[in-house]
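Numbers for residues simply follow the sequence, beginning at 1. Because only heavy atoms are used, hydrogens play no part in the values below, and waters and symmetry mates are left out as well, while side chains stay in.
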Amino acid sequence: MALVPCQVLRVAILLSYCSILCNYKAIEMPSHQTYGGSWKFLTFIDLVIQAVFFGICVLTDLSSLLTRGSGNQEQERQLKKLISLRDWMLAVLAFPVGVFVVAVFWIIYAYDREMIYPKLLDNFIPGWLNHGMHTTVLPFILIEMRTSHHAYPSRSSGLAAICTFSVGYILWVCWVHHVTGMWVYPFLEHIGPGARIIFFGSTTILMNFLYLLGEVLNSYIWDTQRSLEEEKEKPKLE
């Protein structure tokens with residue numbers, strides 16, 4: 001795809017996330033006033049991750065346009081660092097966390113919405129904002145993956161990073177419960193300690209699986225793309 005359309009697309013997605021975050025923060029919900037505020041919800045953390053990621057994408061595109069043909073080696077080094085940061089964020093955070101939020105939210109919602117998104121929230125959060133937080137994340141990140149090739153880190157370092165994020169968030173949820181006596185998500189109130197340990201362990205495993213899925217999907221998309229380009233470049237036999 002051409003660079004300019006990619007820039008426009010990324011700017012549009014970034015503005016979309018900024019709008020979602022602003023509207024979400026403007027909502028006066030009781031949970032926003034309690035310990036941890038919005039930061040105790042993985043959905044909000046994911047929105048911040050996606051906004052920062054696409055912000056880096058936009059910054060990378062702007063830097064690429066400014067450095068193109070300049071011959072300035074220092075600027076090229078800085079651009080390579082930005083591209084590396086962009087690729088790392090997609091691999092370790094934006095893709096696995098984004099897909100996790102969408103998949104887990106809608107699976108639990110379909111089973112029993114009261115366990116994760118009580119009907120009471122409909123009085124505070126409009127439908128379009130709910131989909132902005134829990135639905136459009138997936139197509140946005142898939143579009144980005146299809147738009148540009150992203151170099152994944154070594155598998156060991158990537159898995160270590162996503163495990164660190166997962167365990168860190170689980171410990172944060174447990175700490176909020178320790179301080180307030182309430183679980184961040186209603187369904188955690190209805191299961192025993194053993195089931196919670198199994199759930200937390202399963203979510204960490206799922207995060208690792210989604211990291212590997214992103215790696216495989218990224219390779220598949222761009223290996224197929226290269227194959228198509230090579231086929232086009234082959235001389236046609238008369």
* Does the pair F53 and I13 meet the rule for a side chain to side chain contact (heavy atoms under 4.5 Å, CB included), with working shown? -> CA-CA 10 Å; F53 168 69; I13 293 173; over 6 Å; no
* Does the pair Y152 and V92 meet the rule for a side chain to side chain contact (heavy atoms under 4.5 Å, CB included), with working shown? -> CA-CA 9 Å; Y152 266 60; V92 172; over 6 Å; no
* **I125 and M133: CA distance, side-chain angles, deciding distance, side chain to side chain contact (heavy atoms under 4.5 Å, CB included) verdict** => CA-CA 10 Å; I125 302 175; M133 297 187 296; 4.0 Å; yes
* Residue pair R155, L159: steps toward the side chain to side chain contact (heavy atoms under 4.5 Å, CB included) verdict -> CA-CA 6 Å; R155 184 168 292 180; L159 290 174; 3.7 Å; yes
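A single hydrophobic cluster is seen to contain both L121 and V104, as judged by linkage of ILVMFWY side chains at heavy-atom distances under 4.5 Å, directly or through other members. Follow the hydrophobic side-chain contacts under 4.5 Å out from V179 and you reach V176 in the same cluster. There is no path of hydrophobic side-chain contacts, each under 4.5 Å, that joins L171 to L93. Both V101 and W39 belong to a common hydrophobic cluster when Ile, Leu, Val, Met, Phe, Trp and Tyr are linked at side-chain heavy-atom distances under 4.5 angstrom. Taken together through direct or relayed side-chain contacts under 4.5 Å among Ile, Leu, Val, Met, Phe, Trp and Tyr, M145 and I83 form parts of separate hydrophobic clusters.
Residues S64 and L79 meet the side-chain proximity criterion, which asks for heavy atoms closer than 4.5 Å. Counting heavy atoms from C-beta on, the side chains of T204 and F199 never come closer than 4.5 Å. At a threshold of 4.5 Å between non-hydrogen side-chain atoms, the residues V102 and H134 do not count as touching. A 4.5 Å side-chain heavy-atom check between I108 and F187 finds at least one atom pair inside the cut-off. Between R113 and D122, the closest side-chain pair of non-hydrogen atoms falls below 4.5 Å. Side-chain atoms of D46 and F100, non-hydrogen and from C-beta on, never get closer than 4.5 Å to each other. Between K40 and V173, every side-chain heavy-atom pair lies at or beyond the 4.5 Å cut-off. Looking at V97 and L210, their side chains never come closer than 4.5 Å, going by heavy atoms from C-beta outward.
Of all heavy-atom pairs between A91 and P96, the closest is O-CD, 3.2 Å. Considering all non-hydrogen atoms of both residues, Y109 and I116 come closest at N-CG2, 4.0 Å. I141 and A94 get closest at one heavy-atom pair: CD1-CB, 3.7 Å. Of all the heavy atoms in T147 and C6, the pair that sits closest is CG2-SG, 3.1 Å. The minimum heavy-atom distance between W222 and R146, with the atom names listed, is CZ2-O, 3.3 Å. Minimum heavy-atom separation, I170 to T203: CD1-OG1, 3.9 Å.
Judged by distance alone, the side chain of N218 and the main-chain N or O of A151 form no donor-acceptor pair under 3.5 Å. Under a 3.5 Å cut-off, the side chain of S16 and the backbone N or O of A12 do not form any donor-acceptor pair. The backbone N or O of E215 lies less than 3.5 Å from a partner atom in the side chain of S219, making a donor-acceptor pair. No donor-acceptor distance shorter than 3.5 angstrom exists from the side chain of E189 to the backbone of M182, with no hydrogens or angles considered. Between the side chain of Y169 and the main chain of T164, no donor-acceptor pair closer than 3.5 Å is present.
In this structure, CE on M207 lies 13.0 Å from CG on L213, to the nearest 0.5 angstrom. Atom SG of C174 sits about 8.5 Å away from atom CG of L188, to the nearest 0.5 Å. In this structure, CG on L47 lies 11.0 Å from SG on C18, to the nearest 0.5 angstrom. Once rounded to the nearest 0.5 Å, the distance linking CG of L15 with SG of C22 reads 10.5 Å. Rounding to the nearest 0.5 angstrom, the gap separating the CG atom in L62 from the CD atom in Q7 is 6.0 Å. Atom-to-atom distance recorded for F209:CZ and L206:CG is 7.5 Å, nearest 0.5 angstrom.
Relative to the six-membered ring of F44, K25 meets both conditions, a distance below 6.0 Å and an angle of at most 45° to the axis.
Ring geometry for W183 versus H177: interplanar angle under 30°, hence parallel rather than tilted (30 to 60°). Ring geometry for Y17 versus F140: interplanar angle over 60°, hence perpendicular rather than tilted (30 to 60°).
The number of heavy-atom neighbours closer than 6.0 Å to CH2 of W128, taken from other residues, nucleotides and ligands shown, is above 12. Enclosure of atom CZ in F124 by more than 12 non-hydrogen atoms of other residues, nucleotides or ligands within 6.0 angstrom is indicated.
Between the side chains of W106 and Y117, no donor-acceptor pair is found at a separation under 3.5 Å. Under 3.5 Å, the side chains of T136 and H131 contain no donor-acceptor pair of N or O atoms. Using modelled atom types, one finds a donor on one side chain and an acceptor on the other under 3.5 Å when comparing S157 with S154.
Screening T43, I49, V48 for a side-chain contact (heavy atoms from CB on, under 4.5 Å) with I45, the sole residue that qualifies is I49.
Taking the six-membered ring for Trp, F95 and Y211 have ring centres at least 6.0 Å apart.
Taking 4.0 Å as the cut-off between side-chain N and carboxylate O, R86 and D61 do not count as a salt-bridged pair. Salt-bridge annotation for E144 and R10: present, with a side-chain N of the basic residue lying under 4.0 Å from a carboxylate O of the acidic one.
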